[in-house]
Structure formats: structure tokens, C-alpha cells
Amino acid sequence: MQPLPLSHFDLPRQAWMVLRPLGMATALIVAAAAASYWYLLVPAEERLHMTQMAYQAERNQHAKLRWERKHQEEVLQLQRELEEVWTVLPEQKEFASMAVAISNLAGSERVSIPGMTYSHDKAEQGLPAKASLTFTATGRYKAIYRFIHRLERTEPYLVIEQLDAAQASSSREKGTPSVRFNIRVTTFLKPDPLQA
């Protein structure tokens, strides 16, 4: 048994007349759906994609601006700290008085400093120069301890760069327990205002 082929010619004429408006309405609805997809949904998706890309670009720009602002705040903070350090640094003309102050400090603690040698690097224009004082301090251990303790806290940005200890040879002969320290202190000197 073979199925009969169905076509619109095989349908009765009256059924065809009833289904024809429904078929046309269905075709019209399908055509309207396809047109709305191509003319409304596709452009809307493109606009959405473009809007998302613009949003991401703005987020990146905002993050970059926040990073730059944070960086600028850090630079300003460092600049303020540098200005504070710069105001505390001694000038080159104060270097000799610093050596006298160290000798007076040693004398107040009953520490003997027979002599000092100094050296300082040549300053580049507008930059601080490194300066060093080297000396031998002799005295009782407690006196040396107090001297070094006060030396560390007295002068700003005065750093004890080298410290060697030995028993003083004269202490063995006299019977007094003394120690000898070879000390090198370093600081940075800002240029004199006239030179700058």
C-alpha cells in the first residue's frame, strides 16, 4: 500500500479556503520575526557589544587614572620627606663644628680622642656630599659605651660606619681597664647656599 501524495490540489476547495488565511498569517508572522531579528536584534547585539567595549575601555582608563593619582601622591609624599631630610642635613661649613662637637662630647664622657682625620667626597651640583670623620677613642668601657650611645642620638644623620675595639696597651701598664675603639662616622653635607 502506497501513501497518497498530498498536495494543496488534493484538499477539498473549501478546506483550502479556510487554511489559506491562516497560512498567509503564519508566513507573515515568520517573515516579521525574521525581519525583526535582522533589523532589531542584530543591531541591538552590535550596540550591546560596542557598549561593553566602551565600558571596558572606560574601566581601564579609570584604573589607569587611579594608579597615576596614587603614584602622584606617593611622589608628593616622598618629596615632602626629602624636603624634611634636606632641612636637617648639616651644611658643608658646619663640618668642622661637628668634629669639635664630637670632641666635646667625648670629653664630657671622659673619653680621650687624640686626633681626628676627615675626608669628604666632592659634591655634585645641588646634591649632598658624603663626609667622614675617623678617630680613636680611648677610655673605660662604660664611658665609651655612653659616648657611642650619645653619639648615635645627638647628631641627625650621623652614622657610625666602622667600629673596631681592642684593649688599650696603656691600660695594662697602669692597671686601669680601658678599651680603645677605632671609629669612623659618616654624614652627608648639603652644599652651602652660596655654592648652590
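Just so it is clear, the values below take in all heavy atoms, side chains as well, and ignore hydrogens, waters and symmetry mates.
Within the model, atoms CG of L127 and NZ of K122 stand 13.0 Å from one another, a figure rounded to the nearest 0.5 Å. Atoms CZ and CZ, on R150 and R146 in that order, are 9.5 Å from each other to the nearest 0.5 Å. Going from atom NE2 of H71 over to atom CG of L76 covers 10.0 Å, rounded to the nearest 0.5 Å. Interatomic distance, E161 CD to S132 OG, rounded to the nearest 0.5 Å: 5.5 Å. Note that CG of L82 is 8.0 Å distant from CH2 of W86, once rounded to the nearest 0.5 Å. Between the CD1 atom in I148 and the CD1 atom in I183 there is a gap of 4.5 Å [rounded to 0.5 Å].
Using a distance-only test at 3.5 Å, with no hydrogens or angles considered, no donor-acceptor pair links the side chain of K130 to the main chain of T186.
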Quiz item: Do R80 and Q77 pass the side-chain hydrogen bond (donor to acceptor under 3.5 Å, both in side chains) test, and can you show the C-alpha distance, the side-chain angles, and the key distance before you say yes or no?
Solution: CA-CA 5 Å; R80 284 192 293 271; Q77 178 66 26; 2.9 Å; yes
Practice problem: Test side-chain contact (heavy atoms from CB on, under 4.5 Å) on V185 and M98 and set out the steps. | Solution: CA-CA 11 Å; V185 293; M98 188 181 298; over 6 Å; no
Quiz prompt | side-chain contact (heavy atoms from CB on, under 4.5 Å) evaluation trace for F135 with I102 | solution = CA-CA 10 Å; F135 55 90; I102 291 173; 4.0 Å; yes
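Nearest approach of F188 to P128, heavy atoms of both residues: CB-CB, 4.1 Å. Between L189 and E91, the shortest heavy-atom distance links the atoms CD2-O, 3.8 Å. Scanning all heavy atoms of the two residues, the minimum distance from A143 to R110 falls at CB-O, 4.2 Å. In plain terms, the two heavy atoms of V179 and R140 that are nearest each other are CG2-C, 4.4 Å. Residues T136 and P114 come closest through the heavy atom pair O-CD, 3.2 Å. Of all the heavy atoms in A106 and I113, the pair that sits closest is CB-CD1, 3.4 Å.
Other residues, nucleotides and ligands place no more than 12 heavy atoms under 6.0 Å from the CZ atom of R59.
Side-chain contact between E58 and H62 is absent, with no heavy atoms from C-beta onward closer than 4.5 Å.
No chain of hydrophobic side-chain contacts below 4.5 Å, direct or via other Ile, Leu, Val, Met, Phe, Trp or Tyr residues, connects V159 to F147.
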